[in-house]
Structure formats: C-alpha cells, structure tokens
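Here's the structure we're looking at; comments come further down.
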Amino acid sequence: MRTADGSDAGTRPTGRVDLAVALAAVAQGDQEHFGLVYDQVGGPVLGLVRGVLRDPAQAEEVAQEVLVEVWRNAARFRPDKGSAMTWVMTLAHRRAVDRVRSVEAAREREHKASLLDRTPAYDHVTEHVEARLEQQRVRRCLGALTALQREAVTLAYYRGLTYREVAEVLALPLGTVKTRLRDGLIRLRDCLATTT
C-alpha cells in the first residue's frame with residue numbers, strides 16, 4: 001500500500017530527514033522516526049565522542065548512552081534554541097566530557113588508595129620515642145644490678161657471648177657466671193616490670 005508521498009506504508013523512509021520533525025515524533029514514542037534520527041546522527045555522535053575519549057570501546061559505550069538519552073529526552077529539544085543536530089551533539093559532548101572526568105576521578109581515587117596502602121600502619125616518631133624510653137628504662141634497671149651481674153648480662157646479651165665465653169672473659173667459673181646471669185636477669189625483669 002502506498003502513502004500520499006508515494007512510499008510504502010510500513011517501511012522506513014531512507015535519506016535525510018528533518019531532525020527537528022523526527023525528534024518531535026520520537027518525543028511521542030515513534031520508534032520508526034527514532035531509527036531515522038539514529039541513522040542520521042549516529043556517525044557524527046560517535047566521531048565526536050571518539051575525539052574526546054580516544055578509547056574506542058568507551059567511545060562506543062558513550063555514543064550508545066547518548067542515543068538512549070536522545071530517545072528518552074527528545075521532548076526536551078527546543079527548535080527555537082538551536083538546530084536538532086546541535087542539540088544532539090551538545091548532549092554527546094557533555095556525556096563524553098563527563099566520562100573523561102569520571103575516569104580521571106577514578107584514577108585519582110585509585111592513586112590515593114595506592115598511596116594509603118604504602119603508608120606504614122605505625123607512626124615512626126611514636127615508635128622512636130617508645131624505643132628511646134625503653135632504652136632508658138633498661139639502662140636504669142641495668143644500673144640497679146651489681147657490677148658483676150651488669151657485666152655478665154652486658155657480655156651475654158648485648159655482645160652475644162656464650163656463658164662459657166663470659167666465664168673466660170671474667171675469669172670466673174662457669175657455674176658462678178650462670179648464677180650471676182640468672183640473678184641479674186631476675187632483678188632486671190623485676191625492675192622493668194615495676195617501671196612500665
């Protein structure tokens with residue numbers, strides 16, 4: 001069956017259409033006219049979006065989002081404010097710029113998160129102060145030992161000598177050194193326990 005303009009009813013006309021008229025029909029939910037709009041603006045939209053995004057996969061995704069937006073918001077087009085193509089391309093440009101900003105914001109968040117991952121879970125200053133305080137407590141407690149106990153503990157635990165080597169350095173029997181070390185360590189432990 002032929003229509004008044006000579007085209008077949010039920011088939012989509014081909015060629016250029018007046019985008020403003022087509023958008024008005026799309027605003028009424030006309031899928032056939034949306035197909036015409038899609039055919040006419042799809043290429044330019046994709047080209048503009050690719051120019052902004054540079055990533056072909058993201059460009060195709062954003063171009064698709066723009067065309068969905070055209071379908072949903074065709075009623076917002078105002079012919080008195082500019083041409084239909086300008087309106088569509090403005091939507092495309094805004095959507096592409098939004099994607100760039102979104103990607104950059106995500107990269108910035110990831111960068112900040114990676115910096116936080118590399119930040120030590122402790123405070124160097126606090127750790128240093130605590131170590132110094134611990135050293136002062138140990139020195140004070142070592143000072144409370146007898147000279148022989150202090151010397152035996154220092155040789156065994158700070159210089160890493162064995163009990164036998166401590167006995168040789170101090171020219172004392174091994175049993176005496178073991179007793180002095182045991183007594184010294186007990187006093188040291190008690191002293192440190194009371195100063196915490």
Side-chain angles (χ1 to χ4, degrees), residues 1-138 195-196:
M1 181 170 127
R2 299 252 175 215
T3 60
D5 66 357
S7 63
D8 288 335
T11 63
R12 195 165 87 193
T14 58
R16 291 261 186 236
V17 294
D18 182 341
L19 278 179
V21 172
L23 282 173
V26 170
Q28 301 300 316
D30 188 326
Q31 292 180 7
E32 187 175 308
H33 276 89
F34 179 72
L36 296 171
V37 171
Y38 186 97
D39 290 344
Q40 198 161 329
V41 303
V45 164
L46 182 58
L48 180 130
V49 171
R50 272 190 183 159
V52 174
L53 291 175
R54 306 269 191 253
D55 177 2
Q58 281 197 30
E60 288 176 13
E61 186 179 318
V62 170
Q64 190 66 35
E65 291 172 5
V66 169
L67 292 167
V68 169
E69 188 175 354
V70 168
W71 169 256
R72 290 182 179 159
N73 297 311
R76 292 185 179 173
F77 168 64
R78 298 287 175 255
D80 56 324
K81 303 264 182 179
S83 75
M85 184 59 90
T86 301
W87 181 74
V88 172
M89 297 305 275
T90 300
L91 292 177
H93 187 262
R94 285 181 184 158
R95 183 68 69 131
V97 169
D98 286 347
R99 177 62 65 95
V100 168
R101 288 178 180 153
S102 174
V103 167
E104 287 175 356
R107 280 188 194 134
E108 183 64 25
R109 283 191 303 273
E110 288 173 11
H111 177 68
K112 286 180 181 177
S114 71
L115 291 177
L116 288 175
D117 288 344
R118 285 187 261 162
T119 303
Y122 56 88
D123 182 351
H124 286 288
V125 174
T126 302
E127 185 178 286
H128 183 68
V129 168
E130 287 175 354
R132 290 297 283 276
L133 290 173
E134 185 69 22
Q135 288 172 355
Q136 289 173 356
R137 287 178 44 230
V138 169
T195 59
T196 54

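Just so you know, these numbers come straight off a predicted model, no measurement behind them. The figures that follow rest on heavy atoms only: side chains count, while hydrogens, waters and symmetry mates do not.
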For Val70 and Val37, what are the C-alpha separation, side-chain angles and deciding distance, and is it a side chain to side chain contact (heavy atoms under 4.5 Å, CB included)? CA-CA 9 Å; Val70 168; Val37 171; 4.2 Å; yes
What I want to find out is whether Glu110 reaches Arg107 closely enough, with some N-O distance under 4.0 Å, to be called a salt bridge. no
Closest approach of [X] and [Y], non-hydrogen atoms and distance?
X     : Y     : answer
Ala20 : Ala84 : N-CB, 3.7 Å
Ala27 : Ala74 : N-CB, 3.7 Å
Gly42 : Leu67 : CA-CD1, 4.3 Å

With sequence neighbours left out, the residues meeting ring pair (Phe, Tyr, Trp, His ring centres under 6.0 Å) with Tyr38 are none
Please list, chain by chain and in numerical order, all residues satisfying side chain to side chain donor-acceptor pair (under 3.5 Å) with [X], sequence neighbours excluded.
X      : result
Arg95  : Glu65, Glu69
Gln136 : none
Glu60  : none
Thr90  : none

By side-chain contact (heavy atoms from CB on, under 4.5 Å), Leu48 pairs with (sequence neighbours left out) Met89, Ala92, His93
What's the separation between atom [atom1] in [X] and atom [atom2] in [Y], rounded to the nearest 0.5 Å?
X     : Y     : atom1 : atom2 : result
Met85 : Leu23 : CE    : CG    : 10.0 Å
Asp18 : Leu36 : CG    : CG    : 11.5 Å
Leu19 : His33 : CG    : NE2   : 10.5 Å

| field | From CA spacing to verdict: side chain to side chain contact (heavy atoms under 4.5 Å, CB included), Val26, Phe77 | value | CA-CA 11 Å; Val26 170; Phe77 168 64; over 6 Å; no
Paired with Gln58, the side chain to side chain contact (heavy atoms under 4.5 Å, CB included) test is passed by just one of Leu53, Val100, Val49, namely Leu53
* Go through the steps to decide whether Trp87 and Arg78 satisfy the test side chain to side chain contact (heavy atoms under 4.5 Å, CB included), and finish with yes or no. => CA-CA 9 Å; Trp87 181 74; Arg78 298 287 175 255; over 6 Å; no
